[in-house]
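Order of appearance sets the numbers: ligands from 1, and atoms from 1 within every ligand. Treat the numbers as computed from the prediction; the structure is a model and nothing was measured.
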Amino acid sequence: MSETEQTAQAKPERKKVILSGIQPTGVFTLGNYLGAVRNWGQMQEDYNCAYFIANLHAITVRQDPAKLRQQTVASYALLLACGVDPQKSLTFIQSHVPTHAELSWVLSCYTQFGELSRMTQFKDKSAKHPENVNVGLFTYPDLMAADILLYQADLVPVGADQKQHLEITRDIATRFNNVHGNVFTVPEPYIPKLGARIMSLADPTKKMSKSDENQNAFVSILDAPETIVKKFKRAVTDSEAEVVYREGKDGINNLMGIYSAVTGDSFETIQRDFAGRGYGDFKQAVGEAVAEHLRPVRENFDRLMKDKAYLEQCYTEGAKKALAISSRTLEKVYHKVGFTKPIR
Ligand code: ATP
Ligand code: LTN
(Lines give C-alpha, C1' and ligand atoms only; values in the text may rest on other atoms or scores of the structure.)
(Ligands and ions follow the chains in the order given, each with its own letter.)
Protein backbone atom coordinates (compact mmCIF):
# COMPACT_ATOMS: atom_id res chain seq x y z
CA MET A 1 0.00 0.00 0.00
CA SER A 2 1.40 3.41 -0.95
CA GLU A 3 1.82 6.11 1.64
CA THR A 4 -1.01 8.22 0.22
CA GLU A 5 -3.35 5.23 0.25
CA GLN A 6 -2.46 4.59 3.86
CA THR A 7 -3.18 8.18 4.85
CA ALA A 8 -6.46 8.04 2.97
CA GLN A 9 -7.43 4.92 4.89
CA ALA A 10 -6.31 6.18 8.26
CA LYS A 11 -8.15 9.49 7.87
CA PRO A 12 -11.70 8.88 6.66
CA GLU A 13 -13.36 12.08 5.53
CA ARG A 14 -15.31 13.74 8.35
CA LYS A 15 -19.05 13.37 7.81
CA LYS A 16 -20.71 16.75 7.39
CA VAL A 17 -22.74 18.00 10.33
CA ILE A 18 -26.41 18.77 9.78
CA LEU A 19 -28.49 20.58 12.37
CA SER A 20 -32.05 21.84 12.49
CA GLY A 21 -34.78 22.71 14.96
CA ILE A 22 -38.52 23.17 15.10
CA GLN A 23 -40.66 25.08 17.59
CA PRO A 24 -43.25 23.19 19.68
CA THR A 25 -45.88 25.82 18.92
CA GLY A 26 -48.43 23.32 17.62
CA VAL A 27 -48.73 20.08 15.69
CA PHE A 28 -46.40 20.26 12.68
CA THR A 29 -48.10 21.35 9.49
CA LEU A 30 -47.74 19.91 6.03
CA GLY A 31 -45.48 22.95 5.39
CA ASN A 32 -43.12 22.05 8.24
CA TYR A 33 -43.11 18.47 7.03
CA LEU A 34 -42.47 19.05 3.32
CA GLY A 35 -40.21 22.07 3.84
CA ALA A 36 -38.09 20.62 6.59
CA VAL A 37 -38.81 17.57 8.76
CA ARG A 38 -39.39 15.04 5.97
CA ASN A 39 -35.87 15.64 4.72
CA TRP A 40 -34.28 15.26 8.13
CA GLY A 41 -34.81 11.52 8.36
CA GLN A 42 -33.49 11.02 4.84
CA MET A 43 -30.20 12.71 5.71
CA GLN A 44 -29.26 10.54 8.69
CA GLU A 45 -27.39 7.94 6.68
CA ASP A 46 -25.00 10.34 5.02
CA TYR A 47 -24.48 13.02 7.64
CA ASN A 48 -23.92 13.53 11.35
CA CYS A 49 -27.33 14.91 12.23
CA ALA A 50 -28.67 16.86 15.20
CA TYR A 51 -32.36 17.76 15.49
CA PHE A 52 -34.05 19.47 18.39
CA ILE A 53 -37.27 20.96 19.71
CA ALA A 54 -36.79 24.74 19.96
CA ASN A 55 -38.85 25.47 23.07
CA LEU A 56 -36.70 28.45 24.08
CA HIS A 57 -37.67 30.05 20.78
CA ALA A 58 -41.33 29.24 21.35
CA ILE A 59 -41.76 31.62 24.30
CA THR A 60 -41.01 34.65 22.12
CA VAL A 61 -44.78 34.43 21.60
CA ARG A 62 -46.90 34.04 24.75
CA GLN A 63 -47.64 30.33 25.41
CA ASP A 64 -49.85 28.50 27.87
CA PRO A 65 -47.28 26.74 30.15
CA ALA A 66 -49.11 23.43 30.56
CA LYS A 67 -49.83 23.26 26.85
CA LEU A 68 -46.23 24.12 25.94
CA ARG A 69 -44.94 21.31 28.19
CA GLN A 70 -47.31 18.82 26.58
CA GLN A 71 -46.59 20.09 23.04
CA THR A 72 -42.84 19.84 23.63
CA VAL A 73 -42.97 16.11 24.32
CA ALA A 74 -45.53 15.61 21.54
CA SER A 75 -43.28 17.51 19.11
CA TYR A 76 -40.34 15.32 20.10
CA ALA A 77 -42.52 12.26 19.37
CA LEU A 78 -43.51 13.80 16.03
CA LEU A 79 -39.88 14.24 15.13
CA LEU A 80 -39.35 10.50 15.61
CA ALA A 81 -42.68 9.70 13.89
CA CYS A 82 -41.45 11.59 10.82
CA GLY A 83 -38.44 9.31 10.52
CA VAL A 84 -35.74 10.77 12.75
CA ASP A 85 -34.05 7.87 14.54
CA PRO A 86 -32.57 8.74 17.96
CA GLN A 87 -30.03 5.94 17.51
CA LYS A 88 -28.69 7.58 14.36
CA SER A 89 -29.18 11.28 15.09
CA LEU A 90 -28.62 13.47 18.10
CA THR A 91 -32.12 14.49 19.28
CA PHE A 92 -32.95 16.72 22.22
CA ILE A 93 -35.05 19.48 23.72
CA GLN A 94 -33.37 22.89 23.59
CA SER A 95 -34.08 23.99 27.19
CA HIS A 96 -32.34 20.84 28.51
CA VAL A 97 -29.03 22.06 27.11
CA PRO A 98 -27.89 25.27 28.86
CA THR A 99 -25.07 26.06 26.39
CA HIS A 100 -27.64 27.40 23.88
CA ALA A 101 -28.75 30.28 26.09
CA GLU A 102 -25.15 30.88 27.21
CA LEU A 103 -23.70 31.21 23.72
CA SER A 104 -26.68 33.25 22.62
CA TRP A 105 -25.71 36.00 25.08
CA VAL A 106 -22.15 36.14 23.78
CA LEU A 107 -23.35 36.26 20.17
CA SER A 108 -25.78 39.06 20.95
CA CYS A 109 -22.71 41.16 21.77
CA TYR A 110 -21.45 40.47 18.24
CA THR A 111 -24.71 41.42 16.52
CA GLN A 112 -25.76 44.88 15.48
CA PHE A 113 -29.13 46.36 16.36
CA GLY A 114 -29.54 47.42 12.74
CA GLU A 115 -29.12 43.94 11.31
CA LEU A 116 -31.71 42.45 13.68
CA SER A 117 -34.14 45.24 12.75
CA ARG A 118 -34.09 44.02 9.16
CA MET A 119 -35.36 40.50 9.94
CA THR A 120 -38.69 39.98 8.19
CA GLN A 121 -39.84 37.38 10.75
CA PHE A 122 -39.39 39.98 13.51
CA LYS A 123 -41.38 42.51 11.51
CA ASP A 124 -44.14 39.97 10.72
CA LYS A 125 -44.43 38.61 14.26
CA SER A 126 -44.35 42.02 15.92
CA ALA A 127 -47.11 43.19 13.58
CA LYS A 128 -49.09 40.05 14.48
CA HIS A 129 -48.62 40.50 18.25
CA PRO A 130 -48.41 44.29 18.74
CA GLU A 131 -49.17 43.90 22.46
CA ASN A 132 -46.04 41.80 23.03
CA VAL A 133 -43.09 42.97 20.94
CA ASN A 134 -40.58 41.53 23.41
CA VAL A 135 -36.79 41.66 23.22
CA GLY A 136 -36.59 37.86 22.82
CA LEU A 137 -38.50 38.16 19.57
CA PHE A 138 -35.90 40.68 18.46
CA THR A 139 -32.82 38.67 19.48
CA TYR A 140 -34.34 35.37 18.27
CA PRO A 141 -31.70 35.07 15.47
CA ASP A 142 -28.88 35.12 18.07
CA LEU A 143 -30.37 32.11 19.81
CA MET A 144 -30.78 30.39 16.47
CA ALA A 145 -27.17 31.23 15.56
CA ALA A 146 -26.07 29.75 18.91
CA ASP A 147 -28.03 26.53 18.19
CA ILE A 148 -26.23 26.14 14.89
CA LEU A 149 -22.72 27.31 15.75
CA LEU A 150 -22.41 25.28 18.97
CA TYR A 151 -22.42 22.07 16.91
CA GLN A 152 -20.19 23.43 14.14
CA ALA A 153 -22.95 22.60 11.63
CA ASP A 154 -22.04 22.59 7.94
CA LEU A 155 -25.61 22.46 6.63
CA VAL A 156 -28.94 23.59 8.02
CA PRO A 157 -32.03 22.07 6.36
CA VAL A 158 -34.90 24.57 6.66
CA GLY A 159 -37.79 25.99 4.69
CA ALA A 160 -37.29 29.14 2.60
CA ASP A 161 -38.66 31.40 5.37
CA GLN A 162 -35.53 30.77 7.47
CA LYS A 163 -33.01 31.80 4.80
CA GLN A 164 -32.56 35.27 6.26
CA HIS A 165 -31.82 33.81 9.71
CA LEU A 166 -29.18 31.59 8.14
CA GLU A 167 -27.60 34.58 6.45
CA ILE A 168 -27.33 36.50 9.71
CA THR A 169 -25.89 33.38 11.39
CA ARG A 170 -23.19 33.32 8.73
CA ASP A 171 -22.48 37.02 9.23
CA ILE A 172 -22.20 36.63 13.01
CA ALA A 173 -19.93 33.57 12.70
CA THR A 174 -17.69 35.32 10.19
CA ARG A 175 -17.49 38.44 12.34
CA PHE A 176 -16.56 36.41 15.43
CA ASN A 177 -13.97 34.42 13.47
CA ASN A 178 -12.45 37.62 12.09
CA VAL A 179 -11.90 38.93 15.59
CA HIS A 180 -10.91 35.71 17.37
CA GLY A 181 -9.59 33.25 14.78
CA ASN A 182 -11.34 30.20 13.38
CA VAL A 183 -13.81 29.26 16.10
CA PHE A 184 -17.01 28.58 14.15
CA THR A 185 -17.83 26.63 11.00
CA VAL A 186 -19.77 29.00 8.74
CA PRO A 187 -22.97 27.05 7.87
CA GLU A 188 -24.84 26.80 4.56
CA PRO A 189 -28.63 26.69 4.29
CA TYR A 190 -30.08 23.54 2.75
CA ILE A 191 -33.45 24.42 1.25
CA PRO A 192 -35.41 21.77 -0.69
CA LYS A 193 -36.39 22.54 -4.30
CA LEU A 194 -39.90 21.22 -3.76
CA GLY A 195 -41.92 22.13 -0.68
CA ALA A 196 -39.61 24.94 0.49
CA ARG A 197 -42.55 27.27 0.89
CA ILE A 198 -45.98 25.70 1.29
CA MET A 199 -48.66 28.39 1.32
CA SER A 200 -51.76 28.79 3.48
CA LEU A 201 -54.87 27.07 2.12
CA ALA A 202 -56.97 30.08 3.15
CA ASP A 203 -54.65 32.74 1.68
CA PRO A 204 -52.12 31.35 -0.80
CA THR A 205 -50.04 34.53 -0.67
CA LYS A 206 -49.12 33.77 2.97
CA LYS A 207 -46.98 30.86 4.19
CA MET A 208 -48.72 27.96 5.89
CA SER A 209 -48.06 28.35 9.61
CA LYS A 210 -48.90 26.08 12.54
CA SER A 211 -49.83 29.01 14.76
CA ASP A 212 -52.44 30.35 12.30
CA GLU A 213 -55.74 30.98 14.08
CA ASN A 214 -57.71 29.73 11.10
CA GLN A 215 -57.73 25.91 11.31
CA ASN A 216 -58.61 25.69 7.62
CA ALA A 217 -55.44 27.55 6.64
CA PHE A 218 -53.17 24.60 7.40
CA VAL A 219 -53.12 20.83 7.30
CA SER A 220 -51.66 19.39 10.46
CA ILE A 221 -49.74 16.16 9.91
CA LEU A 222 -51.99 14.43 12.47
CA ASP A 223 -55.29 15.53 10.90
CA ALA A 224 -57.66 12.65 10.17
CA PRO A 225 -57.84 11.67 6.47
CA GLU A 226 -61.42 13.05 6.16
CA THR A 227 -60.32 16.38 7.65
CA ILE A 228 -57.41 16.60 5.23
CA VAL A 229 -59.67 15.96 2.24
CA LYS A 230 -62.18 18.51 3.52
CA LYS A 231 -59.51 21.18 4.05
CA PHE A 232 -58.19 20.75 0.51
CA LYS A 233 -61.72 20.92 -0.89
CA ARG A 234 -62.10 24.32 0.79
CA ALA A 235 -58.68 25.59 -0.35
CA VAL A 236 -58.82 29.04 -1.90
CA THR A 237 -58.00 29.01 -5.62
CA ASP A 238 -59.00 31.30 -8.50
CA SER A 239 -62.02 31.71 -10.75
CA GLU A 240 -60.51 29.84 -13.71
CA ALA A 241 -60.87 26.11 -14.15
CA GLU A 242 -57.56 24.96 -15.60
CA VAL A 243 -54.99 23.02 -13.57
CA VAL A 244 -51.81 24.71 -14.83
CA TYR A 245 -48.81 26.22 -13.07
CA ARG A 246 -48.76 29.89 -13.94
CA GLU A 247 -47.85 33.19 -12.32
CA GLY A 248 -50.82 34.69 -10.50
CA LYS A 249 -52.47 31.30 -9.85
CA ASP A 250 -51.09 31.14 -6.29
CA GLY A 251 -53.69 28.70 -4.96
CA ILE A 252 -53.32 26.20 -7.80
CA ASN A 253 -49.53 26.58 -7.88
CA ASN A 254 -49.47 25.73 -4.18
CA LEU A 255 -51.69 22.65 -4.63
CA MET A 256 -49.59 21.49 -7.57
CA GLY A 257 -46.43 21.89 -5.48
CA ILE A 258 -47.96 19.85 -2.67
CA TYR A 259 -49.26 17.13 -5.01
CA SER A 260 -45.91 16.91 -6.74
CA ALA A 261 -44.05 16.72 -3.41
CA VAL A 262 -46.14 13.80 -2.15
CA THR A 263 -46.58 11.81 -5.38
CA GLY A 264 -43.31 12.61 -7.15
CA ASP A 265 -45.26 13.57 -10.33
CA SER A 266 -43.84 16.44 -12.38
CA PHE A 267 -45.93 19.54 -13.10
CA GLU A 268 -46.22 18.42 -16.77
CA THR A 269 -47.66 15.06 -15.69
CA ILE A 270 -50.11 16.74 -13.32
CA GLN A 271 -51.25 19.17 -16.02
CA ARG A 272 -51.74 16.32 -18.46
CA ASP A 273 -53.57 14.08 -15.97
CA PHE A 274 -55.96 16.81 -14.87
CA ALA A 275 -56.52 18.47 -18.25
CA GLY A 276 -60.22 19.32 -18.63
CA ARG A 277 -61.13 17.93 -15.20
CA GLY A 278 -61.66 21.14 -13.19
CA TYR A 279 -60.56 22.10 -9.71
CA GLY A 280 -62.98 19.87 -7.77
CA ASP A 281 -61.37 16.64 -9.00
CA PHE A 282 -57.89 18.00 -8.50
CA LYS A 283 -58.52 19.16 -4.93
CA GLN A 284 -59.99 15.75 -4.08
CA ALA A 285 -56.90 14.02 -5.53
CA VAL A 286 -54.51 16.29 -3.63
CA GLY A 287 -56.40 15.68 -0.36
CA GLU A 288 -56.39 11.92 -0.82
CA ALA A 289 -52.71 11.79 -1.79
CA VAL A 290 -51.69 13.87 1.23
CA ALA A 291 -53.87 11.84 3.63
CA GLU A 292 -52.33 8.62 2.36
CA HIS A 293 -48.80 10.02 2.46
CA LEU A 294 -49.21 11.02 6.12
CA ARG A 295 -50.75 7.74 7.26
CA PRO A 296 -47.49 6.17 8.53
CA VAL A 297 -46.60 9.36 10.41
CA ARG A 298 -49.95 9.27 12.25
CA GLU A 299 -49.53 5.60 13.08
CA ASN A 300 -45.96 6.04 14.34
CA PHE A 301 -47.02 9.00 16.46
CA ASP A 302 -49.86 7.10 18.15
CA ARG A 303 -47.51 4.25 18.98
CA LEU A 304 -44.77 6.52 20.36
CA MET A 305 -47.11 8.56 22.55
CA LYS A 306 -48.12 5.35 24.34
CA ASP A 307 -44.55 4.97 25.61
CA LYS A 308 -43.59 8.18 27.40
CA ALA A 309 -40.80 6.40 29.30
CA TYR A 310 -39.10 5.57 26.01
CA LEU A 311 -39.41 9.16 24.81
CA GLU A 312 -38.00 10.47 28.09
CA GLN A 313 -35.08 8.09 27.90
CA CYS A 314 -34.30 9.20 24.34
CA TYR A 315 -34.39 12.92 24.98
CA THR A 316 -32.49 12.62 28.27
CA GLU A 317 -29.64 10.74 26.62
CA GLY A 318 -29.76 13.18 23.72
CA ALA A 319 -29.46 16.19 26.03
CA LYS A 320 -26.44 14.70 27.82
CA LYS A 321 -24.63 14.09 24.54
CA ALA A 322 -25.64 17.51 23.21
CA LEU A 323 -24.26 19.17 26.33
CA ALA A 324 -20.95 17.37 25.96
CA ILE A 325 -20.57 18.28 22.28
CA SER A 326 -21.73 21.89 22.58
CA SER A 327 -19.60 22.53 25.68
CA ARG A 328 -16.47 22.09 23.59
CA THR A 329 -17.44 25.05 21.41
CA LEU A 330 -18.66 27.10 24.36
CA GLU A 331 -15.37 26.59 26.21
CA LYS A 332 -13.45 27.77 23.17
CA VAL A 333 -15.67 30.84 22.87
CA TYR A 334 -15.41 31.66 26.58
CA HIS A 335 -11.64 31.43 26.35
CA LYS A 336 -11.52 33.67 23.27
CA VAL A 337 -13.67 36.41 24.79
CA GLY A 338 -11.70 36.34 28.05
CA PHE A 339 -13.87 34.32 30.41
CA THR A 340 -12.39 31.66 32.67
CA LYS A 341 -13.41 28.06 32.06
CA PRO A 342 -17.11 27.39 32.72
CA ILE A 343 -17.74 25.39 35.91
CA ARG A 344 -20.43 22.72 35.79
P1 ATP B 1 -44.95 29.29 13.87
O2 ATP B 1 -46.26 29.37 13.18
O3 ATP B 1 -45.04 29.00 15.33
O4 ATP B 1 -44.03 30.43 13.56
P5 ATP B 1 -43.98 27.59 11.79
O6 ATP B 1 -45.07 26.75 11.27
O7 ATP B 1 -43.55 28.77 10.99
O8 ATP B 1 -44.26 28.01 13.29
P9 ATP B 1 -41.33 26.72 12.63
O10 ATP B 1 -41.20 25.92 13.87
O11 ATP B 1 -40.99 28.16 12.70
O12 ATP B 1 -42.77 26.59 12.00
O13 ATP B 1 -40.47 26.05 11.48
C14 ATP B 1 -40.00 24.72 11.43
C15 ATP B 1 -39.44 24.41 10.08
O16 ATP B 1 -40.49 24.35 9.10
C17 ATP B 1 -38.48 25.48 9.56
O18 ATP B 1 -37.40 24.83 8.92
C19 ATP B 1 -39.28 26.25 8.57
O20 ATP B 1 -38.48 26.83 7.56
C21 ATP B 1 -40.19 25.19 8.00
N22 ATP B 1 -41.43 25.76 7.52
C23 ATP B 1 -42.32 26.48 8.26
N24 ATP B 1 -43.38 26.83 7.52
C25 ATP B 1 -43.16 26.34 6.27
C26 ATP B 1 -43.90 26.39 5.05
N27 ATP B 1 -45.07 26.99 4.98
N28 ATP B 1 -43.40 25.77 3.98
C29 ATP B 1 -42.21 25.14 4.04
N30 ATP B 1 -41.46 25.05 5.15
C31 ATP B 1 -41.91 25.65 6.27
N1 LTN C 1 -36.15 29.44 13.87
C2 LTN C 1 -36.54 28.18 13.35
C3 LTN C 1 -36.44 27.06 14.32
C4 LTN C 1 -35.04 26.94 14.75
C5 LTN C 1 -33.95 26.46 13.96
C6 LTN C 1 -32.80 26.55 14.77
C7 LTN C 1 -33.85 25.96 12.65
C8 LTN C 1 -34.52 27.31 15.94
N9 LTN C 1 -33.19 27.07 15.97
C10 LTN C 1 -31.54 26.18 14.31
C11 LTN C 1 -32.57 25.58 12.21
C12 LTN C 1 -31.46 25.70 13.02
C13 LTN C 1 -37.96 28.33 12.90
O14 LTN C 1 -38.71 28.99 13.51
N15 LTN C 1 -38.27 27.74 11.86
Side-chain angles (χ1 to χ4, degrees), residues 17-40 49-63 68 71-72 75 78-79 82 92-95 97 100-101 103-104 107 119-122 124-126 128-129 136-137 139-151 153-170 172-173 187-214 217-221 250 254 257-258 261 322 326:
V17 176
I18 292 251
L19 174 135
S20 202
I22 184 158
Q23 301 184 66
T25 38
V27 176
F28 304 171
T29 66
L30 185 63
N32 299 136
Y33 179 73
L34 296 178
V37 187
R38 170 167 84 157
N39 308 310
W40 298 356
C49 298
Y51 303 117
F52 67 95
I53 303 303
N55 58 343
L56 298 180
H57 279 98
I59 64 163
T60 53
V61 172
R62 203 61 77 226
Q63 305 288 339
L68 180 61
Q71 277 288 1
T72 302
S75 298
L78 270 179
L79 198 65
C82 289
F92 59 94
I93 292 167
Q94 192 182 26
S95 64
V97 190
H100 292 239
L103 180 61
S104 174
L107 296 182
M119 295 294 112
T120 54
Q121 183 178 293
F122 171 69
D124 290 351
K125 290 209 175 174
S126 40
K128 217 169 138 194
H129 305 278
L137 195 59
T139 57
Y140 180 117
D142 280 317
L143 180 57
M144 182 158 161
D147 299 336
I148 298 167
L149 301 178
L150 276 172
Y151 299 86
D154 297 286
L155 289 173
V156 184
V158 283
D161 60 302
Q162 295 300 314
K163 192 162 178 257
Q164 204 184 22
H165 289 162
L166 258 295
E167 276 158 14
I168 196 171
T169 300
R170 291 170 55 86
I172 296 167
E188 301 276 348
Y190 188 101
I191 298 170
K193 284 201 181 69
L194 255 173
R197 198 172 173 79
I198 301 295
M199 309 311 277
S200 154
L201 298 185
D203 176 358
T205 60
K206 261 179 40 192
K207 80 158 191 155
M208 183 181 283
S209 164
K210 58 176 131 63
S211 53
D212 202 312
E213 273 130 40
N214 180 357
F218 59 86
V219 166
S220 122
I221 61 173
D250 297 329
N254 189 36
I258 292 171
S326 58

Ligand 1 versus Lys125, non-hydrogen atoms closer than 4.0 Å: side chain, backbone, both, neither?
side chain

Subset of ligand 1 atoms that lie under 4.0 Å from at least one heavy atom of Gly35
29 (C), 30 (N)

Just heavy atoms, cut-off under 4.0 Å: does Ser20 contact ligand 1 by side chain, backbone, both, or neither?
neither

Can you tell me which portion of Ile148 lies within the under-4.0 Å heavy-atom range of ligand 2? Options are side chain, backbone, both, or neither.
side chain

Is the closest heavy-atom distance from Asp161 to ligand 1 below 4.0 Å?
yes

Within ligand 1, which atoms have a heavy atom of Ala196 less than 4.0 Å away?
28 (N), 29 (C), 30 (N)

Between Thr169 and His165 the two heavy atoms that sit nearest each other are OG1-O, 2.7 Å

Out of curiosity, Leu137 CG to His129 NE2, how far, rounded to the nearest 0.5 Å?
8.0 Å

Which segment of Ile198 sits under 4.0 Å of ligand 1 when only heavy atoms are counted:
both

Best match, Gly257, Gly31, Pro157: closest heavy atom to atom 30 (N) of ligand 1
Gly31

Could you tell me whether Leu68 atom CG has more than 12 heavy atoms of other residues or ligands within 6.0 Å of it?
yes

Mind checking whether Arg197 contacts ligand 1 via backbone (N, CA, C, O), side chain (CB onward), both or neither, at a 4.0 Å heavy-atom cut-off?
backbone

With heavy atoms of Lys207 as the reference, note each atom of ligand 1 found under 4.0 Å away.
5 (P), 7 (O), 23 (C), 24 (N), 27 (N)

Under 3.5 Å, is there a donor-acceptor pair linking the side chains of Thr25 and Lys210?
yes

